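Start at 1 with the first residue, then count along the sequence. Predicted model, so just to flag it, every value in this text is computed and none were measured.
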Amino acid sequence: AFGEIEQTPEPRLGLLAHGGGDLDDALAGLGVAPTLCLGGERGGLPSEIADRCDAVATIPLREGAESLNVAAAAAIGLQRISSMVAGGDG
């Protein structure tokens, strides 16, 4: 299954629960709408996939929150990509 990532369009942006860069900075650095790579809610994005991404980012959470569910992370990531493509900032 990990080999399938090579068939996805580049660039690729991986969303990590912890340890990634700023989402907006990652998108700006990529410059074009990326393929969004997400992991399962329990295990997150496997390192084998994250290592093949052109950038990785973490959505900031309020203090005390551990992570977002994958649907919420996808919605936030896609909204930011859509905003970037539209030339907006929000």
Side-chain angles (χ1 to χ4, degrees):
F2 294 132
E4 292 175 5
I5 190 167
E6 301 301 334
Q7 299 173 24
T8 62
E10 292 185 57
R12 299 176 194 102
L13 173 63
L15 289 183
L16 305 177
H18 306 284
D22 179 80
L23 179 57
D24 291 330
D25 290 346
L27 288 169
L30 293 173
V32 296
T35 297
L36 193 58
C37 299
L38 302 158
E41 290 186 23
R42 193 170 297 261
L45 187 66
S47 61
E48 295 89 347
I49 301 293
D51 291 345
R52 290 179 173 88
C53 290
D54 300 288
V56 292
T58 297
I59 298 168
L61 302 174
R62 69 173 179 215
E63 191 172 327
E66 287 187 33
S67 65
L68 295 170
N69 71 41
V70 71
I76 292 168
L78 291 171
Q79 185 279 327
R80 300 305 303 148
I81 292 168
S82 176
S83 179
M84 179 192 77
V85 169
D89 61 358

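Interatomic distance, CZ of R12 versus CG of D54, reported as 6.5 Å (0.5 Å rounding). Taking CG from L78 and OG from S83, the interatomic distance works out to 12.5 Å, rounded to the nearest 0.5 Å. Annotation: the span from E4 atom CD to I49 atom CD1 amounts to 8.5 Å, rounded to 0.5 Å.
Taking both residues in full, the closest heavy atoms of A33 and M84 are given as N-CE, 3.3 Å, listed atom of the first, atom of the second, then distance. The two residues A26 and A57 have their closest heavy-atom pair at CB-CB, 4.1 Å. Taking both residues in full, the closest heavy atoms of L38 and A74 are given as CD1-CB, 3.5 Å, listed atom of the first, atom of the second, then distance.
Proximity of a side-chain donor or acceptor of T58 to a complementary backbone N or O of L16 within less than 3.5 Å is detected.
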Trace of the side-chain contact (heavy atoms from CB on, under 4.5 Å) decision for I5 with C37 | CA-CA 9 Å; I5 190 167; C37 299; 4.0 Å; yes
Please lay out, stage by stage, how R52 and E10 fare under the test side-chain contact (heavy atoms from CB on, under 4.5 Å).
-> CA-CA 10 Å; R52 290 179 173 88; E10 292 185 57; over 6 Å; no
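Counting heavy atoms from C-beta on, the side chains of L15 and L23 come closer than 4.5 Å. T35 has its side chain out of reach of P11: every pair of non-hydrogen atoms, C-beta onward, lies at least 4.5 Å apart.
Across D22, L13, V85, V32, a single residue satisfies side-chain contact (heavy atoms from CB on, under 4.5 Å) together with L27, and that is L13.
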